[in-house]
Amino acid sequence: MNRYLFLIFISFFFITKTTYGLDYKINSNDLTLTGKLTDDYTYDFIEILSDNEIKRIIFDDVWFERESDAIEFSDVIIDFDLDTHIINTCWDACLYAFISGKKRTMEKGSNITFEIVSYEKEFLQDIIDNKDYEYFGGLAEYIIFIDNNTREDIINMLSLFIERKIDPQFVIDLIRNANQKSWTPRRTVLENANVLN
């Protein structure tokens, strides 16, 4: 009898689910996310937060399909006034969602790894050879689309960093060091830049 009560008690406080390949776990007031996040999860994320007394989001080896998805998640984290925590690695745009936390912490041995990927000549040559740009009307329209998207992504990123009071020098270092290669700043760098607080 006591064993069954214990199992019911554990299942009440510890819920694990998988949705569309994303794993999430609710343990007391923590929501742990693992895997790739896309904008498809935003409504599920809001529903989970609305239905539970979540105080902290834990990112456990999380990455986002697009930067815009991470910015969208960051809006929800700010709106619900949540803390954020990292276990293992917070990959690339995950940083945007992470810095949205009110209190931001990282388990020892974990890290934030960031890389800014630029278009490579071969990728652009394939677009030209396959005439993929015709989807946008023509090559000029495709270039304008990429330029506008890039500007918007940079403005959204910088706005979020400014809002969360991240040291501007860290943002400069992030862009400089993560260009075409992975950059994993040390904990002391993250603390000094107010990424961890």
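To the nearest 0.5 Å, the span separating CG on D60 from SG on C90 amounts to 11.0 Å. For the atom pair CG (D30) and NE2 (H85), the distance works out to 8.5 Å, reported to the nearest 0.5 Å. The distance from the CD1 atom of I128 to the CZ atom of F123 is 11.0 Å, given to the nearest 0.5 Å. How far OG1 of T32 is from CD1 of I54: 9.0 Å, rounded to the nearest 0.5 Å. Separation of atoms CD1 (I99) and CZ (R164) is listed at 7.5 Å; rounding is to 0.5 Å. From I166, atom CD1 reaches atom CG of N194 across 5.0 Å, with rounding to the nearest 0.5 Å.
Note: the hydrophobic cluster containing I46 also contains V62 (ILVMFWY, side chain heavy atoms under 4.5 Å, direct or indirect links). Neither I58 nor L190 shares a network with the other; the hydrophobic side chains, linked directly or stepwise wherever heavy atoms of I, L, V, M, F, W or Y lie under 4.5 Å apart, form separate groups for each. L37 and W63 fall into different hydrophobic clusters, defined by Ile, Leu, Val, Met, Phe, Trp and Tyr side-chain heavy atoms under 4.5 Å apart, directly or through other members. Linking Ile, Leu, Val, Met, Phe, Trp and Tyr residues whenever their side-chain heavy atoms come within less than 4.5 Å leaves I144 and I146 in two separate clusters. F114 and W91 fall into different hydrophobic clusters, where Ile, Leu, Val, Met, Phe, Trp and Tyr side chains are chained together by heavy-atom contacts under 4.5 Å.
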Legend entry - Residue pair T184, T89: steps toward the side-chain contact (heavy atoms from CB on, under 4.5 Å) verdict: CA-CA 10 Å; T184 305; T89 302; over 6 Å; no

Legend entry - Test side-chain contact (heavy atoms from CB on, under 4.5 Å) applied to I77 and F45, step by step: CA-CA 10 Å; I77 290 169; F45 187 49; 4.1 Å; yes

Inset, instruction - Would you please test I78 and E163 for side-chain contact (heavy atoms from CB on, under 4.5 Å) and show each step? - result: CA-CA 11 Å; I78 291 168; E163 179 186 343; 3.6 Å; yes

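With contacts defined as side-chain heavy-atom distances shorter than 4.5 Å, the pair L196/F98 qualifies. Within the 4.5 Å cutoff, the side chain of E152 has heavy atoms near those of the N156 side chain. I57 has its side chain out of reach of F73: every pair of non-hydrogen atoms, C-beta onward, lies at least 4.5 Å apart. V171 places none of its side-chain heavy atoms less than 4.5 Å from the side chain of I162. For the pair K103/R56, no side-chain contact is recorded, criterion being any heavy-atom separation below 4.5 Å from C-beta on.
Closest approach of L174 and I116 over heavy atoms only: O-CD1, 4.2 Å. Minimum interatomic distance between S110 and N88 (heavy atoms only, all atoms of both residues): OG-N, 2.8 Å. Nearest heavy-atom pair across E115 and S182 is OE1-OG, 3.2 Å. Residues A97 and S74 approach most closely at CA-CB, 4.1 Å, considering heavy atoms.
A distance-only check finds a donor-acceptor pair linking the side chain of N130 to the backbone of D126 [under 3.5 Å]. Checked by atom type and distance alone, the side chain of D61 never pairs as donor or acceptor with a backbone atom of T34 at under 3.5 Å. Under the 3.5 Å distance criterion, the side-chain polar atoms of D147 are left unmatched by any main-chain donor or acceptor of I143.
Aromatic ring orientation, F170 versus F161: tilted (interplanar angle from 30° to 60°).
Under the rule for a side-chain contact (heavy atoms from CB on, under 4.5 Å), the partners of K131 that lie at least two apart in sequence or sit in another chain are Y133, E134. Remark: F136 engages Y142, F145 in a ring pair (Phe, Tyr, Trp, His ring centres under 6.0 Å) (not counting sequence neighbours).
Checked against K55 for a side-chain contact (heavy atoms from CB on, under 4.5 Å), the options D83, N29, L31 give a single hit: N29.
Defined by atom type and a distance below 3.5 Å, a donor-acceptor pair is present between the side-chain atoms of Q169 and D173.
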